[in-house]
Amino acid sequence: MFNSVEFPIVTFASSNLHKFTEIKEIFIQKTSIKLDHLNISLLEIQSASLEEVAAFSLNECVRNTDKDLIFVEDSGLFIDCLNGFPGPYSAFILNTIGLNGILSLLNNVPNRKSIFQSTIALKFQNQTKIFTGQVNGKIAMQISDFGWGYDPIFIPDCDGKRTFGELGDKKNEISHRFIAVGKLIEFLNNQLHLVK
Ligand code: IMP
């Protein structure tokens, strides 16, 4: 049990500052647990499952640090008419064919449904805990001006018109990451007997 002056610190390991900024904001809103950032490039295995990718990265990370409360996050965009591609290969595809390449693959395709998924792997008392968040949406017809990664082409169903990028700060109140981080925080608050 932690008292008001002694709050636990949980470390997020990632080289992606966008992710850290979003997750930090959610922590500030939802918990007294402090978030630390370990800026590290994680080794990602090739696997069809984001859970496996995240769990592997976490174990690699734990091997290289003395932090006992640490998590990683892996995201993927699953496009329905491409049978879930790029999914776990989202980073590679963004770096190779890019957003224009994705739009070309969907040229004249009416079904633009897709799912953005965030998977968190947390090391807690030597066990790996997985938390997942998903948002249903569709791929835009063109690239919008704002946002990072796939934000300029992903339109969440709950808005239906604007991309994650165009939603600005509101993205972080509805995103796949917001849902996964919410589950992580609920778990930590319960396990560490904390309330906001
Ligand atoms: P990662 O493997 O979790 O780093 O993410 C896979 C790919 O999706 C990378 O190219 C990221 O830039 C991108 N990505 C991850 N999360 C988001 C997001 O919230 N918005 C837009 N792109 C994202």
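This one's a predicted model, so the numbers in the text were calculated from it and none came from an experiment. Start at 1 and go down the list; that is how both ligands and their atoms are numbered.
Within 6.0 Å of atom CG in Asn95, more than 12 heavy atoms from other residues, nucleotides or ligands are found, so the atom counts as buried in its surroundings. The neighbour count for Lys138 NZ, taken as heavy atoms of other residues, nucleotides or ligands under 6.0 Å away, does not exceed 12.
Counting heavy atoms closer than 4.0 Å to ligand 1, residue Phe116 contributes side-chain atoms (C-beta onward) but none from N, CA, C or O.
The single protein non-hydrogen atom nearest to atom 16 (N) of ligand 1 is Arg177 NH2, 2.8 Å, given as residue, atom name and distance. In terms of protein heavy-atom proximity, atom 15 (C) of ligand 1 is nearest to Ser75 CB, 3.5 Å. If you check which protein heavy atom lies closest to atom 23 (C) of ligand 1, you get Trp148 CZ3, 3.4 Å.
A salt bridge links Arg63 with Glu60; the closest basic N to acidic carboxylate O contact falls under 4.0 Å. A salt bridge is defined here as a Lys NZ or Arg NE, NH1 or NH2 lying under 4.0 Å from an Asp or Glu carboxylate O, and Lys67 with Asp36 meets this definition.
The distance from ligand 1 to the heavy atoms of Lys171 drops below 4.0 Å at these ligand atoms: 18 (C), 19 (O), 20 (N). Heavy-atom proximity to Lys19, at under 4.0 Å, picks out these atoms of ligand 1: 1 (P), 3 (O), 4 (O). Close contacts of ligand 1 with Asp151, meaning ligand atoms under 4.0 Å from a residue heavy atom, involve 18 (C), 20 (N), 21 (C). Numbered from 1 in the order shown, with element, the atoms of ligand 1 that lie under 4.0 Å from a heavy atom of Tyr150 read 8 (O), 13 (C), 21 (C), 22 (N).
Between Phe124 and Phe187, the distance from one ring center to the other falls under 6.0 angstrom.
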Checklist line | Steps toward side-chain hydrogen bond (donor to acceptor under 3.5 Å, both in side chains) verdict (Ser118, Glu73) | finding: CA-CA 7 Å; Ser118 161; Glu73 190 257 19; 2.7 Å; yes
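Side chains of Leu69 and Leu188 form a contact here, defined as non-hydrogen atoms less than 4.5 Å apart.
Closest heavy-atom approach to atom 2 (O) of ligand 1 among the candidates Ile93, Leu99, Val53, Asp74: Asp74.
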